[in-house]
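These notes concern the structure reproduced below.
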Amino acid sequence: MRRAALVWAGAALVLAAVAVGSARPDGATDGADGAVDDVGRQPMPDLRGRGLWRVFTALDARTRLDVHDAAGADRRVLWPLNWRVCTQYPPPGTARHPGGRLVVGVLKKGEPCPARVAAARR
């Protein structure tokens, strides 16, 4: 019981840190060149190879981020600092909607991307 409470408290602290870290002043951009299309949307950056923590802090707070284990082992991500992005959808360069959805496949740091995933790079 005590251990479960500690895990939930740690998870709450991580989420609070992500929320505080992702808050940026108006006009701040996270795109490579800050290019904006005619509707005001920035292109999706290439997140593959980055640490999951950097992805959390780079995205707009309104972006829905779905994280899954790219190895297919259905592991839970409890500590984002230990994981890196292997796949992403939508792909880099597509228009990014402020309240849109981003799906990333992650692996623990040090694990290579599976061959089927590396070939698809989706």
Starting at [atom1] of [X], measure out to [atom2] of [Y] and round the result to the nearest 0.5 Å.
X   : Y   : atom1 : atom2 : result
W53 : W83 : CH2   : CH2   : 16.0 Å
Y89 : T94 : OH    : OG1   : 8.0 Å
D69 : C86 : CG    : SG    : 10.0 Å
T63 : M44 : OG1   : CE    : 7.0 Å

I need the minimum non-hydrogen distance between [X] and [Y], along with the two atoms involved.
X    : Y    : answer
V55  : R50  : CG2-CB, 4.3 Å
T57  : R54  : OG1-O, 3.1 Å
D46  : P92  : OD1-CG, 3.5 Å
H68  : V103 : CD2-CG1, 3.8 Å
L107 : C113 : CD1-CA, 3.5 Å
P45  : R96  : CD-NH1, 3.6 Å

Measuring only between side-chain heavy atoms, which start at C-beta, is Q88 closer than 4.5 Å to V104?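 They are in side-chain contact.
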
Take L102 and L47 through the test side chain to side chain contact (heavy atoms under 4.5 Å, CB included) and record every step on the way to the result. CA-CA 11 Å; L102 174 64; L47 303 172; 3.5 Å; yes

Report yes or no: does R84 contribute a side-chain atom to a donor-acceptor pair with the main-chain N or O of E111 at less than 3.5 Å?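 Flag set: sc R84 to bb E111 pair under 3.5 Å.
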
